[in-house]
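What follows is a short report on a single structure.
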Amino acid sequence: HVQLVESGGGSVQAGESVRLSCAISGFDKWPGCLGWYRQAPGKVREGIAALYTESGRHFYTDSVEGRFTVSQDSAENMAYLQMDNLKPEDTATYFCAAVPRGGGRCWPMLTPLYRGWGQGTQVTVS
């Protein structure tokens, strides 16, 4: 079955960087989209970054544009989210998810298309 497992979160100071990792398994083919969501306490889950895996095009929500970068390593079945210049408002649980190849658009992110929701990884910025 499809499974994505996030790791790499932690507690950092404002201005520092963190790289999140996402181990991907269970897809018949490498997904068409790789996406990152986050959920802050008391807020709804929001899609913040998406990557079209074939073209390499990536998109970001305004609040992280220019600071976050999504990438992939299909040979290692991994996705990454590089987060630079972190701010306290980036504090959240971060989730990765993927859209199967041919399963629909990557951006804007349509949550029902994304699969493989894991437990997430917590990032706290102070």
Side-chain angles (χ1 to χ4, degrees):
H1 68 284
V2 170
Q3 186 175 25
L4 284 78
V5 180
E6 306 90 348
S7 61
S11 296
V12 297
Q13 299 291 315
E16 294 183 342
S17 298
V18 169
R19 188 176 84 152
L20 303 182
S21 299
C22 174
I24 300 166
S25 62
F27 287 91
D28 292 337
K29 298 179 180 180
W30 187 242
C33 310
L34 299 174
W36 287 90
Y37 283 75
R38 69 183 179 187
Q39 187 166 17
K43 295 188 177 181
V44 299
R45 188 174 298 185
E46 64 168 336
I48 60 170
L51 172 70
Y52 285 81
T53 60
E54 290 194 63
S55 68
R57 296 178 67 196
H58 41 99
F59 297 86
Y60 304 90
T61 194
D62 288 347
S63 61
V64 308
E65 177 79 55
R67 300 187 297 121
F68 289 14
T69 305
V70 57
S71 62
Q72 62 179 330
D73 185 341
S74 58
E76 296 294 330
N77 294 322
M78 297 292 294
Y80 302 98
L81 184 67
Q82 176 68 39
M83 306 189 295
D84 298 321
N85 190 22
L86 283 161
K87 304 176 180 180
E89 52 264 41
D90 295 319
T91 294
T93 301
Y94 285 74
F95 303 87
C96 60
V99 178
R101 183 162 295 188
R105 75 183 191 209
C106 305
W107 187 270
M109 300 175 79
L110 293 178
T111 301
L113 297 181
Y114 280 84
R115 302 182 186 177
W117 297 97
Q119 296 299 309
T121 186
Q122 176 69 33
V123 175
T124 302
V125 185
S126 59

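The model shown is predicted, which means the values in this text are computed figures rather than measured ones.
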Just by distance, do the side chain of R67 and the backbone of N85 share a donor-acceptor pair under 3.5 Å? yes
Any side-chain heavy-atom pair from Y52 and R105 closer than 4.5 angstrom? yes
Listed once per pair and sorted, the disulfide bond (SG atoms under 2.5 Å apart) pairs that draw on residues 52-97, sequence neighbours left out: C22-C96
Give a yes or no on whether L113 and F59 share a hydrophobic cluster (residues Ile, Leu, Val, Met, Phe, Trp, Tyr; joining criterion: side-chain heavy atoms under 4.5 Å apart). yes
Measuring only between side-chain heavy atoms, which start at C-beta, is V18 closer than 4.5 Å to D90? no
Heavy-atom closest pair (A98 atom, L34 atom, distance to 0.1 Å) is CB-CD2, 4.0 Å
How many angstroms lie between atom OH of Y114 and atom OH of Y37, to the nearest 0.5 angstrom? 6.0 Å
I need the L81 CG to R19 CZ distance, nearest 0.5 Å. 10.5 Å
Side-chain heavy-atom pair L4, F95 within 4.5 angstrom cut-off: no
Check against side-chain contact (heavy atoms from CB on, under 4.5 Å), S126 and Q13: CA-CA 5 Å; S126 59; Q13 299 291 315; 3.5 Å; yes
Heavy-atom nearest pair, G47 first then M109, reads CA-SD, 3.5 Å
For the residue pair A14 and P88, what are the closest heavy atoms and their distance? CB-CD, 4.1 Å
Test log, rule side-chain contact (heavy atoms from CB on, under 4.5 Å), inputs R38 and V123: CA-CA 10 Å; R38 69 183 179 187; V123 175; over 6 Å; no
Which atom pair, heavy atoms only, marks the closest approach of G26 to V2? O-CG2, 3.9 Å
Nearest 0.5 Å, please: how far is CD in Q122 from CD in Q39? 10.5 Å
Please round to the nearest 0.5 Å and tell me the distance separating atom CD of Q82 and atom OG of S71. 8.0 Å
Check the pair Y60, T69 against side-chain contact (heavy atoms from CB on, under 4.5 Å), reporting the backbone distance first and the verdict last. CA-CA 8 Å; Y60 304 90; T69 305; 3.8 Å; yes
Check whether any side-chain heavy atom of E6 lies under 4.5 Å from a side-chain heavy atom of L20, and answer yes or no. no
Nearest-0.5 Å distance that lies between atom CD1 in I48 and atom OH in Y94: 5.0 Å
From CG (L51) to SG (C33), nearest 0.5 Å: 8.5 Å
Criterion side-chain contact (heavy atoms from CB on, under 4.5 Å) on F68 and T61, from CA distance to verdict: CA-CA 10 Å; F68 289 14; T61 194; over 6 Å; no
Do W30 and W36 sit in one hydrophobic cluster, given that two such residues count as connected whenever their side-chain heavy atoms are within less than 4.5 Å of each other, even indirectly? yes
Hey, does the Lys NZ or Arg CZ of R45 hover above the aromatic six-ring of W117, less than 6.0 Å from the centre and inside 45° of the axis? yes
Under a 4.5 Å cut-off applied to non-hydrogen side-chain atoms, are R101 and F27 in contact? no
Donor-acceptor under 3.5 Å (T53 side chain, P31 main chain): yes
Would you say T124's side chain and T91's backbone share a donor-acceptor pair under 3.5 angstrom? no
Does a sphere of radius 6.0 Å around CD in E76 hold more than 12 heavy atoms from other residues, nucleotides or ligands, not counting ones at 6.0 Å or beyond? no
